[in-house]
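All remarks here apply to the structure that follows.
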Amino acid sequence: MQVFAYGAHAADKPLEPLRITRREPGPEDVQIQIAYCGICHSDLHQVRAEWEGTQFPCVPGHEIVGRVAATGSKVTDFSPGDLVGVGCIVDSCKHCEECDAGLENYCDGMIGTYNFPTPDAPGWTLGGYSQSIVVNQRYALRIRHCETQLAAVAPLLCAGITTWSPLRHWNAGPGKKVGVVGIGGLGHMGIKLAHALGAHVVAFTTSESKREAARALGANEVVVSSDARQMAAHLKSFDLIINTVAAPHDLDAFLVLLKRDGAMTLVGAPASPHSSPNVFNLIMKRRTLAGSMIGGIAQTQEMLDFCAEHGIVSDIELIHAEHINEAYERMLKGDVKYRFVIDNATLAE
Ligand code: NAP
Ligand code: ZN
């Protein structure tokens, strides 16, 4: 089936309207009519070939929500009309230790929603800046929010799970002090989720102008990270810091804020490396510097259900597809509160 999409033909070219082909649903597939797709900073890294290995044409998008349009003969979990989501994973080996543990995100055979090998044309996966997508039912998520919230649910499929997973892994909750560095798409979800889990939340930002907004998102305190005095007030006090920054920066400035056995997990994935942290900042208080990648399918469902129950969605700016390139430039400047979401109905206009 041919559908409208938006993508780029080269790293230095803007995204433009494209026609792509989607496979017919196989026995275990669900075909999804995409209503909305969030714009993640990873989309920009990939489409501009800031990360290695981008295949062109590249159609990004892994914060997908919509309705099931058709199901294969062996699909048991979904029916046409169901509200569903697809995040960053559309396939995995299904039999390794990671898949068995529900950690498909760490399967060596994980297939990402875009730019990963597939038998489907053109040979690599094409993402959610498109009218529809076909995925194996294992990788589709059920959405229990009400339909009026659907556009604002889309960013949960990446920004939500990427911050939820480390919050759960490091047991964020009452009595824990959690820092979130960078108040963008991921960071604003990290603040909302950590707050909802009952942690004491401190937002770190480079933008003084985000102070009040960060409080409104649920941060108990806000620190402008360029202000040494504000930073020093939090020395040796954090259980967990989630660092979402999309550019290389000084990690030591945050490591020294961890208390004994505290952990900072990097989720931001800049194109070029950070300078190495000072090893003494790890040794001295048995601190951990970690990383975390999205989350497994079961945990993504757990996060979606938690958000539905607690009335949590993303703060979004809904855009027409023809404004995607402009949205990228604004995202780079931090000029978004806090996630752009594409109205996929506009792809056909
Ligand atoms: P985003 O909306 O652009 O937010 C990033 C935030 O980082 C900005 O709003 C800004 O916040 C801060 N920042 C940007 N440049 C900075 C700099 N030079 N120095 C200090 N702070 C800076 O991006 P996003 O969509 O949240 O994604 C963030 C990163 O996570 C990207 O690298 C993305 O590829 C990665 N990511 C990783 C995973 C994973 O599984 N690990 C999943 C999704 C995305 P302030 O204005 O508040 O300082
Ligand atoms: Zn993403």
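Whatever order the structure lists them in is the order used to number ligands and atoms, beginning at 1.
- Comparing heavy-atom distances from atom 17 (C) of ligand 1 across A247, C88, A246 singles out A247 as nearest.
- Under the 4.0 Å criterion applied to side-chain N and carboxylate O atoms, R67 and D82 are not assigned as salt-bridge partners.
- Nearest to atom 28 (C) of ligand 1 among the protein's heavy atoms is T244 O, 3.0 Å.
- Those atoms of ligand 1 with a heavy atom of S207 less than 4.0 angstrom away are 45 (P), 46 (O).
- For ligand 1, none of its N or O atoms has an N or O atom of C158 under 3.5 Å away.
- The option from D335, V224, T206 that lies nearest to atom 48 (O) of ligand 1, judged by heavy atoms, is T206.
- Contact check on E221 versus R215 returns no salt bridge, with no Lys/Arg side-chain nitrogen under 4.0 Å from an Asp/Glu carboxylate oxygen.
- Between D305 and R144, at least one side-chain nitrogen of the basic residue sits less than 4.0 Å from a carboxylate oxygen of the acidic one, meeting the salt-bridge criterion.
- Within the listing of ligand 1, atoms 3 (O) sit less than 4.0 angstrom from a heavy atom of M331.
- Nearest-residue assignment for atom 2 (O) of ligand 1 (options S292, A213, A203, G185; heavy-atom criterion): G185.
- Neither side chain, Y129 nor N344, offers a donor N or O lying under 3.5 Å from an acceptor on the other.
- What sits closest to atom 42 (C) of ligand 1 on the protein, heavy atoms only, is T162 OG1, 3.4 Å.
- Heavy-atom contacts of T205 reach the following atoms of ligand 1: 45 (P), 46 (O), 47 (O), 48 (O) (cutoff under 4.0 Å).
- Here C158 contributes SG and C40 contributes SG, and at the Zn ion (ligand 2) these two atoms make an angle of 130°, given to 10°.
- At a threshold of 2.8 Å, the Zn ion (ligand 2) has no backbone or side-chain N, O or S atom of C88 nearer than that distance.
- Inspection of the Y139 and S92 side chains reveals an N or O donor paired with an N or O acceptor under 3.5 Å.
- Nearest-heavy-atom check against atom 41 (N) of ligand 1 across I242, V267, I39 picks out V267.
- The distance between the ring centers of W164 and F306 falls below 6.0 angstrom.
- For atom 3 (O) of ligand 1, the closest non-hydrogen atom on the protein side is H41 ND1, 2.7 Å.
- Among all protein heavy atoms, the one lying closest to atom 30 (O) of ligand 1 is G268 CA, 3.3 Å.
- Under 4.0 Å is where a charged nitrogen must lie from a carboxylate oxygen, and between E326 and K333 no such pair does.
- For atom 4 (O) of ligand 1, the closest heavy atom belonging to the protein is G184 CA, 3.3 Å.
- In this structure, a donor-acceptor pair under 3.5 Å is present between the side chains of K177 and H234.
- Checked by atom type, the side-chain pair N243/H249 shows a donor-acceptor distance below 3.5 Å.
- Residue H249 places no N or O, backbone or side chain, under 3.5 Å from any N or O of ligand 1.
- Within the 4.0 Å heavy-atom criterion, the part of W51 lying near ligand 1 is the side chain and not the backbone.
- Ionic pairing of E28 and R138 is not present here: no N-O contact between side-chain nitrogen and carboxylate oxygen is shorter than 4.0 angstrom.
- Every atom of ligand 1 is numbered from 1 in the order shown, and the set under 4.0 Å from a heavy atom of I294 is 39 (C), 40 (O).
- Residue S42 approaches ligand 1 through these ligand atoms, each under 4.0 Å from one of its heavy atoms: 33 (C), 34 (O), 35 (C), 36 (N), 43 (C), 44 (C).
- Atom 31 (C) of ligand 1 has as its closest protein heavy atom H45 NE2, 3.5 Å.
- A salt bridge links R286 with D261: the distance from a Lys NZ or Arg NE/NH1/NH2 to an Asp or Glu carboxylate oxygen falls below 4.0 Å.
- With a 6.0 Å radius and a threshold of 12 heavy atoms from other residues, nucleotides or ligands, H195 has its NE2 atom at or below the threshold.
- In summary, R23 and D29 engage in a salt bridge, as defined by a charged side-chain N under 4.0 Å from a carboxylate O.
- Every atom of ligand 1 is numbered from 1 in the order shown, and the set under 4.0 Å from a heavy atom of R339 is 24 (P), 25 (O).
- When only interatomic distances are considered, the shortest N/O to N/O separation between C40 and ligand 1 does not fall below 3.5 Å.
- When each atom of ligand 1 is checked for a heavy atom of K210 under 4.0 Å away, the hits are 9 (O), 11 (O), 45 (P), 46 (O), 47 (O).
- R330 and E317 are joined by a salt bridge, as a carboxylate oxygen and a charged side-chain nitrogen come within less than 4.0 angstrom of each other.
- What sits closest to atom 26 (O) of ligand 1 on the protein, heavy atoms only, is L186 N, 2.8 Å.
- For atom 19 (N) of ligand 1, the closest heavy atom belonging to the protein is V245 CG1, 3.9 Å.
- Inspection of the Q2 and T21 side chains reveals an N or O donor paired with an N or O acceptor under 3.5 Å.
- Residue I183 has at least one N or O atom closer than 3.5 Å to an N or O atom of ligand 1.
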